[in-house]
Amino acid sequence: MQPKQRILNAPVYQPGKPIDDVKREYGLTEVIKLASNENPYGSSPKAKAAIVEQLDNLALYPDGASLNLRWDLADFLGVKPGQLIFGNGSDENLLMISRAFLNEGTNTVMASQTFSQYRSNAIIEGAELIEVPLKDGVHDLEAMAAAINEQTRVVWVCNPNNPSGTIVTTSELEAFMKKVPKDVLVVLDEAYYEYVVDPEYPQTIPMLAEYPNMIILRTFSKIYGLATLRIGYGVASEELVSQLEHVREPFNTGALGQVAARAALKDQEFVISCRDRNREGVKQFTDRFDEWGLSYYPTQTNFILVDLKQDSDAVFKKLLSQGIIVRSGNALGFPGYQRITVGTKEQNEKILTVLQEIVAGALK
């Protein structure tokens with residue numbers, strides 16, 4: 001059998017190492033996973049209760065249009081229901097955008113060190129990649145705007161950026177949007193939107209009225225703690241959403257995810273609590289890194305990218321042997337670094353204790 005040659009050039013996504021795999025490999029009974037930027041505080045009790053109420057309906061197909069969730073979310077965001085599109089996590093929204101707008105003879109602009117799925121989807125669709133290096137860990141929007149040409153169809157801006165955790169500001173984004181041609185789609189991936197505390201971070205939904213060539217992607221996987229249920233969404237003009245609906249699979253979001261997302265949306269106290277505790281965890285890390293003289297990127301997310309000035313894979317394996325899963329910088333385009341999810345206070349303290357030994361050279 002001969003598949004399309006270009007799909008073989010698309011890298012297979014490598015998720016964080018599974019907990020059970022690490023337990024078996026190292027003979028451990030306790031493992032902490034700080035690799036996939038999951039919420040260490042779980043999800044809202046209201047979301048869990050909503051799931052239980054739906055367990056007798058598992059034989060039924062879900063609402064393919066996610067109508068109840070659509071109405072609730074539209075009201076929460078202050079947009080029209082027709083401005084929303086739902087996906088099996090943000091990943092499916094990325095796939096739909098690529099399928100709708102990219103093909104051979106087109107190109108797409110992105111940062112060179114950003115979320116890997118932009119690149120993979122473009123390769124699958126046969127589009128040319130134009131990758132622009134980050135500038136001090138931040139999207140170089142000026143250079144990205146200059147890279148756009150007549151064949152450009154989509155520009156990807158991950159804000160905050162994964163894996164660096166940095167943001168582009170309101171003024172930077174507004175200046176960028178003024179330079180982008182109206183027939184080029186700008187995708188603002190805001191998966192970590194709810195974690196941001198920097199007042200310079202752009203509020204993009206009001207910008208949709210001026211820029212119909214913009215789509216905003218968010219998710220219930222991160223701060224809402226519903227990663228296993230895969231609910232992501234896009235916010236855009238009704239016209240753009242109607243175009244994307246042509247490539248959306250039927251029943252692409254499950255009923256349990258829909259009811260859980262509706263309940264989670266109504267528990268903003270949980271969201272605020274997670275954001276506040278996350279900032280305390282970030283400070284727990286940065287205070288220690290400052291003490292040790294380590295460099296790191298200023299993060300507005302629930303992870304931090306730190307330069308340990310050692311071989312990333314070697315450090316990754318040392319941490320694994322101690323029952324701690326992180327993400328090696330080698331896999332992210334940042335050799336020497338580790339990307340560490342901010343966990344609970346106790347989880348953070350455990351990894352910091354091990355890191356201190358690694359930095360001091362005591363852990364072989």
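The shortest distance between side-chain heavy atoms of Val79 and Ile205 falls below 4.5 Å. Under the 4.5 Å side-chain criterion, counting only non-hydrogen atoms from C-beta, Asp20 is in contact with Lys23. Put simply, the side chain of Val187 does not reach to within 4.5 Å of the side chain of Val155, judged on heavy atoms. Contact annotation: the side chain of Arg327 never approaches that of Pro163 to less than 4.5 Å [non-hydrogen atoms, C-beta and beyond]. A heavy-atom distance below 4.5 Å is found between the side chains of Ile148 and Pro181. In this structure, Asn68 and Gln258 have side chains that are not in contact, with every pair of non-hydrogen atoms separated by 4.5 Å or more. Leu319 is not listed as a side-chain neighbour of Gln322, based on a closest heavy-atom distance of 4.5 Å or more. Side-chain atoms of Leu355 and Trp292, non-hydrogen and from C-beta on, do get closer than 4.5 Å to each other.
The distance from the OH atom of Tyr211 to the NZ atom of Lys182 is 5.5 Å, given to the nearest 0.5 Å. Note that the CD1 atom of Ile223 and the OH atom of Tyr195 stand 4.5 Å from one another [nearest 0.5 Å]. For the atom pair Asp91 CG and Leu95 CG, the distance stands at 9.0 Å (nearest 0.5 Å). To the nearest 0.5 Å, the span separating CG on Asn161 from OG1 on Thr166 amounts to 5.0 Å. Here the straight-line distance linking atom CG of Asp63 with atom CZ of Phe251 works out to 8.5 Å at 0.5 Å rounding. Taking CZ of Arg218 as the start and CG of Leu73 as the end, the distance is 9.0 Å to the nearest 0.5 Å.
Between Glu245 and Arg248 a salt bridge is recorded (basic side-chain N to carboxylate O distance below 4.0 Å). A salt bridge between Glu131 and Arg119 is present, with a side-chain N of the basic residue lying under 4.0 Å from a carboxylate O of the acidic one. Here Arg288 pairs with Glu349 in a salt bridge; the nearest charged N to carboxylate O distance falls below 4.0 Å.
Linking ILVMFWY side-chain heavy atoms closer than 4.5 Å, directly or via other members, places Ile304 and Phe334 in two distinct hydrophobic clusters. Leu102 and Ile130 fall into different hydrophobic clusters, defined by Ile, Leu, Val, Met, Phe, Trp and Tyr side-chain heavy atoms under 4.5 Å apart, directly or through other members. The hydrophobic clustering, which links ILVMFWY residues whose side-chain heavy atoms are closer than 4.5 Å, places Phe316 and Leu308 together. In the hydrophobic clustering of this structure, Val241 groups with Leu94; members are Ile, Leu, Val, Met, Phe, Trp, Tyr whose side-chain heavy atoms approach within less than 4.5 Å, directly or through other members. By the criterion of side-chain heavy atoms lying less than 4.5 angstrom apart, applied directly or through intervening Ile, Leu, Val, Met, Phe, Trp or Tyr residues, Ile97 is grouped together with Val247 in one hydrophobic cluster.
Between the side chains of Thr108 and Arg153, not a single donor N or O lies within less than 3.5 Å of an accepting N or O. There is a side-chain donor-acceptor pair under 3.5 Å between Asn107 and Asn149. Checked by atom type, the side-chain pair Ser328/Asp313 shows a donor-acceptor distance below 3.5 Å.
Residues Phe285 and Tyr296 place their aromatic rings such that the two centres sit no closer than 6.0 Å. Between Phe303 and Tyr192, the distance separating the two ring centers is shorter than 6.0 angstrom.
In terms of modelled atom types and a separation under 3.5 Å, the side chain of Thr219 and the main chain of Gly232 share no donor-acceptor contact. Looking at Thr204, its side chain never comes within 3.5 Å of a backbone N or O of Met207 through a donor-acceptor pair. Asn302 places a side-chain N or O within donor-acceptor distance of the main-chain N or O of Asn37, the cut-off being under 3.5 Å. Here the side chain of Asp136 pairs no donor or acceptor atom with the backbone of Val138 at under 3.5 angstrom. In this structure a side-chain-to-backbone donor-acceptor pair under 3.5 Å is present from Gln113 to Gly333. Counting only distance, with no hydrogens or angles, the side chain of Asn159 and the backbone of Glu190 share no donor-acceptor pair below 3.5 Å. Between the side chain of Thr286 and the main chain of Val282, a donor-acceptor pair closer than 3.5 Å is present. A side-chain donor-acceptor contact under 3.5 Å links Asn278 to the backbone of Thr301. Within the 3.5 Å criterion, the main-chain N or O of Leu60 finds no donor-acceptor partner in the side chain of Asn57. Side-chain atoms of Arg339 come within 3.5 Å of backbone N or O of Ala35 as a donor-acceptor pair.
When the shell of 6.0 Å around NZ of Lys345 is examined, it contains 12 or fewer heavy atoms from other residues, nucleotides or ligands. By the 6.0 Å contact criterion, NZ on Lys48 is enclosed, its count of non-hydrogen atoms from other residues, nucleotides or ligands being greater than 12.
Between Tyr297 and Ser164 the shortest heavy-atom distance is CB-O, 3.3 Å. In this structure, Cys274 and Tyr41 approach most closely via the heavy-atom pair SG-CB, 4.1 Å. For the pair Val197 and Gln300, the tightest heavy-atom approach, listed with the atom from each and the gap, is N-OE1, 2.8 Å. Closest approach of Ala255 and Pro62 over heavy atoms only: N-CB, 3.4 Å. Shown here for Ile215 and Ala236, the closest heavy-atom pair between the two residues is CG1-CB, 3.8 Å. Taking all atoms of both residues into account, the shortest heavy-atom contact from Pro160 to Gly165 is CB-O, 4.0 Å.
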Intermediate values then yes/no, side-chain contact (heavy atoms from CB on, under 4.5 Å), Leu173 and Met177: CA-CA 6 Å; Leu173 182 61; Met177 290 303 302; 4.2 Å; yes
Residues Leu188, Leu217; criterion side-chain contact (heavy atoms from CB on, under 4.5 Å); working and verdict: CA-CA 6 Å; Leu188 295 174; Leu217 303 184; over 6 Å; no
From CA spacing to verdict: side-chain contact (heavy atoms from CB on, under 4.5 Å), Tyr233, Ser66: CA-CA 11 Å; Tyr233 63 93; Ser66 305; over 6 Å; no
Residue pair Gln347, Thr341: steps toward the side-chain contact (heavy atoms from CB on, under 4.5 Å) verdict: CA-CA 10 Å; Gln347 290 172 335; Thr341 301; over 6 Å; no
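Note on ring orientation: taking the six-membered ring where Trp is involved, the planes of Phe220 and Tyr224 are tilted (angle from 30° to 60°).
Under the side chain to side chain contact (heavy atoms under 4.5 Å, CB included) criterion, Glu92 pairs with Asn88, Met96, Glu249, Asn252, sequence neighbours left out.
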